[in-house]
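The figures that follow rest on heavy atoms only: side chains count, while hydrogens, waters and symmetry mates do not. Residue numbers begin at 1 in each chain, while the letters A, B, ... track the order of the sequences.
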Amino acid sequence: MKEFSGSLGGLPWRGYLVERVEDLPKFLEWVRRQRGTTCFDTETLGLGIYHQARKMGRSFVRLSQFGNATEAWAIPVELGRPFYHAARTALIELPALTGHNMISFDGLASDKHLGVSLEVICSKSTDTMITSKLLDPRPPEAGGLGPKLKPQAAFYIDPSAPDTQDGLTKHFNSLGFTKETGWAGIDIFDPLYVEYALLDVILGARLLPVHLAELERLGVRKELLDYEHEISRICATMSRAGMLVDKEYTEGLYDTLDADYQRNFEIVQSYGVLKLGSPDQIAKALLESGEELTERTDAGNLKVDKSVLLHLCDRNDKWERIGGRTPNPLAEAVYHAKRASKWRTAYVDTFLEEMDEDGYVHCNINTLQARTGRMSVTRAAVQTLPSRDMMIRRCLLADPGEAVISVDFSAIEMRVLAALADVRRMKEAFANDEDIHWFTARLVAGEDATEYHRKKYKTVGLGKVYGGGVTTLARQSGAPEADVQHAINTYNRLYPEISRSSKKWTRQAYQNGMVHISATGRRLPLDRKRTYAVVNYACQSAARDVLGQSLIDMDAAGLLPYLRLPIHDEVLAFAPTGEVEEVEREIRKCMTMDLFGVPITAEGEIGKRSWGSLYGADF
DNA sequence: CTTCTCACG
DNA sequence: ACGTACGTGAGAAGT
């Protein structure tokens, strides 16, 4: 056994590294003495819970740490069964746990590699990542502390708390490792590695009570904290289930996209462009080919983005000819090469890289990522797969004998806006199950309302939710500014409650230290220069909480085993073909509710085995 | 590390 | 009085 000690925030701490099997009884005695909440953390080979251990042929969990405010233990799980069993016993026997991002990372890692299920972990855990996001959801660049342990510890515990993440990276580098290779490569008994591992649980154990006290001081309801832990468990369960990669199709797609890229990049090169990702070089070559470029980026450079390229190709975004000019072959090649390259690297490569031994990808769902509380999904970013073309979604499959189900909320943000701002005429429209944009168009143009009117007022309605101005809406819709201005004025007359609520929410935020309190009691800090964003924050965050509540209802209805992904206003599920209709109906039922007198409704779709089947694929 | 670009809701 | 589209993840290039 090796001992460590130090002092943080004026309070000493001691740490113990178990080196031999004979040290384990002392650890287990300590475990049995713990009455309060114990912090749990793991040091692993990396982030790839589901594929890394197999690829490297090693124990994924290297070190497992447990600690309270003053004492911490490090168990070298990778050394073998007795150590693994001690960590497992501790996880099972400890009465209450905390940890930083522990549910979606350490919880899933324990589920996969330590013989302790996610359910057991979740039944007694409080995650300080969740408490930190409820205190302030902003990343550091937006003025918040950010969720990392270091700034949290520095602010809430001790300004001189060491930056264990940054410090470890530097230590890795000094030993000849990189940030990535260090996790797997460092000696399990390296003193600094172990000391930082011990410090992490000491800090985590101290962070929880301070966070909880702060949440109480700020009046954040306990119910919101419980609600977020339920959502975290539900989403981690979806990650664990994963989605099957159609390996044969995906490898074929890799080759297709690669060939597409090669072919088009050769054409691009023949115009003297060496780097496809260099807007400078592309702009120069286009100018030399006789084109005129007028649009500029925020930084003042010539813009050569997708819309500019499509225009030069004489195509719309569905790749249909516009018929206004002769297509520029360089623009066509750049467009195709960039698309093939992005789709291959961002999606296809990631699927093949992240696949586990059985061919499943287990994406990481960050349940409170955005400052509005919205979720994000990484490794792979499956919330952003191309939807106009089915080829990427075609890579992901339900299990044999199953089919995909997708259920969407109908116009959720407009409904949430009507509910939160108490917009009388909108509420009437939704009560009658009207299409809100047709409704608005008919209010203005009567029976003469056309698709053109609907589109115009849809743009304005969305602009309201986002807080957009005349210029942007005009650019976005292609309509003249005067037209758009008139439509906005009309909209404001029809639905005066929107501006009224916006002003009220802004005023209240000022009184509340520039924080908007959402309908569910979430704290949403505003930027002083963009207070108009309060309408968007209120709507986006309430829409997210409607989704969250529906997920909790789905779990209660026994539907969790079918769920695979939350996508902002949509839920993706897989079910045996004999049950799809019933599962779709039950999910839809959970997504149907009342929000302050506004009916929230949903529509479902049933496909075949691949996700792409919902986008036109025939399998 | 910042900028640009592009994929989504 | 004025004027503001919101929120993400990811890769490549250039500083």
Side-chain angles (χ1 to χ4, degrees), chain A residues 137-139 141-142 273-283 295-310 317 334-335 337-350 363-389 391-393 406 408-409 411-413 416-417 459-477 484-485 488 502 506 524 526-541 543-544 547 565-572 615:
Chain A
R138 293 173 300 175
E141 59 271 24
V273 176
L274 302 174
K275 302 280 188 182
L276 188 58
S278 168
D280 265 8
Q281 290 183 22
I282 293 168
E295 289 200 64
R296 302 240 166 211
T297 66
D298 289 342
N301 304 318
L302 288 174
K303 199 165 193 171
V304 285
D305 67 1
K306 196 167 106 173
S307 75
V308 172
L309 291 174
L310 280 173
D317 57 8
V334 169
Y335 176 82
K338 282 176 96 169
R339 189 173 112 142
S341 152
K342 176 179 172 163
W343 288 13
R344 210 213 71 195
T345 55
Y347 305 126
V348 175
D349 283 1
T350 315
C363 303
N364 187 24
I365 305 174
N366 309 299
T367 57
L368 281 171
Q369 179 60 23
R371 60 187 293 173
T372 55
R374 257 200 183 185
M375 304 181 192
S376 80
V377 178
T378 58
R379 310 165 55 94
V382 286
Q383 284 182 321
T384 69
L385 304 188
S387 58
R388 282 214 170 82
D389 191 307
M391 72 167 76
I392 301 293
R393 291 185 199 239
S406 159
D408 276 55
F409 286 117
I412 183 70
E413 286 195 320
V416 163
L417 175 64
T459 307
V460 176
L462 212 59
K464 279 285 155 204
V465 175
Y466 290 149
V470 181
T471 322
T472 322
L473 290 183
R475 181 157 20 91
Q476 181 53 222
S477 64
V484 172
Q485 182 61 65
I488 291 176
S502 174
T506 311
L524 305 175
L526 299 185
D527 300 336
R528 248 164 228 292
K529 289 185 174 167
R530 301 159 65 238
T531 55
Y532 64 90
V534 72
V535 175
N536 181 260
Y537 290 178
C539 291
Q540 196 179 99
S541 126
R544 183 276 187 193
L547 174 76
L565 267 185
I567 315 172
H568 308 309
D569 68 342
E570 174 191 355
V571 170
L572 186 75
Y615 298 81

Using modelled atom types only, decide if a donor and an acceptor are shared between the side chain of A:Tyr347 and the backbone of A:Thr384 within a distance under 3.5 Å.
-> yes

With sequence neighbours left out, the residues meeting salt bridge (charged side-chain N to carboxylate O under 4.0 Å, His left out) with A:Arg388 are A:Asp317

Any side chain to side chain donor-acceptor pair (under 3.5 Å) involving residues 299-309 of chain A? Give me the pairs, sequence neighbours left out, ordered by first then second residue.
-> A:Asp305-A:Ser307

Rounding to the closest angstrom, what is the interatomic distance between B:dG9 and C:dA5 at atom P?
-> 22 Å

Backbone N/O of A:Met375 and side chain of A:Asn366: donor-acceptor pair under 3.5 Å = no

Please report, to 0.1 Å, the donor-acceptor pairs under 3.5 Å made by any side chain of residues 273-282 of chain A, with sequence neighbours excluded.
| from | atom 1 | to | atom 2 | distance (Å) |
| --- | --- | --- | --- | --- |
| A:Ser278 | OG | A:Gln281 | N | 3.3 |
| A:Gln281 | OE1 | A:Leu274 | N | 2.9 |
| A:Gln281 | OE1 | A:Lys275 | N | 3.0 |

Under-4.0 Å side-chain N/O to phosphate OP1/OP2 contact, A:Thr472 with C:dA5 | yes

Excluding sequence neighbours, so at least two apart, what forms side-chain hydrogen bond (donor to acceptor under 3.5 Å, both in side chains) with A:Glu570?
-> A:Ser406

Between the protein and nucleotides 13-15 of chain C, list every N/O to N/O distance that falls short of 3.5 Å.
| from | atom 1 | to | atom 2 | distance (Å) |
| --- | --- | --- | --- | --- |
| C:dG14 | OP1 | A:Ser278 | OG | 3.2 |

NA contact type, A:Val470, heavy-atom cut-off 4.0 Å: base, sugar-phosphate, or nothing?
-> nothing

For A:Thr372, enumerate each residue passing the side-chain hydrogen bond (donor to acceptor under 3.5 Å, both in side chains) test, keeping only those at least two apart in sequence or located in another chain.
-> A:Gln540

Give the first and the last nucleotide of DNA chain B, reading 5' to 3', that has any atom under 4.0 Å from a heavy atom of chain A.
-> B:dT3 to B:dG9

Please map the stems of DNA chain C, keeping only stretches of three or more Watson-Crick or G-U wobble pairs with both distances under 3.5 angstrom.
-> B:1-9 with C:6-14

Is there a side-chain polar atom (N or O) of A:Thr384 under 4.0 Å from OP1 or OP2 of C:dG9?
-> no

Quick one: is A:Tyr537 getting a side-chain N or O under 4.0 Å of the C:dG7 phosphate, OP1 or OP2?
-> yes

With sequence neighbours excluded, what pairs up with A:Arg530 under the salt bridge (charged side-chain N to carboxylate O under 4.0 Å, His left out) test?
-> A:Asp527

Think A:Gln476 has a side-chain N or O under 4.0 angstrom from the OP1 or OP2 of C:dA5?
-> no

Not counting sequence neighbours, which residues clear ring pair (Phe, Tyr, Trp, His ring centres under 6.0 Å) with A:Tyr335? List them please.
-> A:Trp319

When the nearest nucleotide of DNA chain C is assigned to A:Ala346 and to A:Pro137 on a heavy-atom basis, which residue is associated with the more 5' position?
-> A:Pro137

Who are the side-chain hydrogen bond (donor to acceptor under 3.5 Å, both in side chains) partners of A:Glu295, not counting sequence neighbours?
-> none

Can you sort out the partners of A:Arg379 under salt bridge (charged side-chain N to carboxylate O under 4.0 Å, His left out), two or more places apart, ordered by chain and number?
-> A:Glu354

Provide, to the nearest angstrom, the distance between the CZ atom belonging to A:Arg530 and the C1' atom belonging to C:dC2.
-> 17 Å

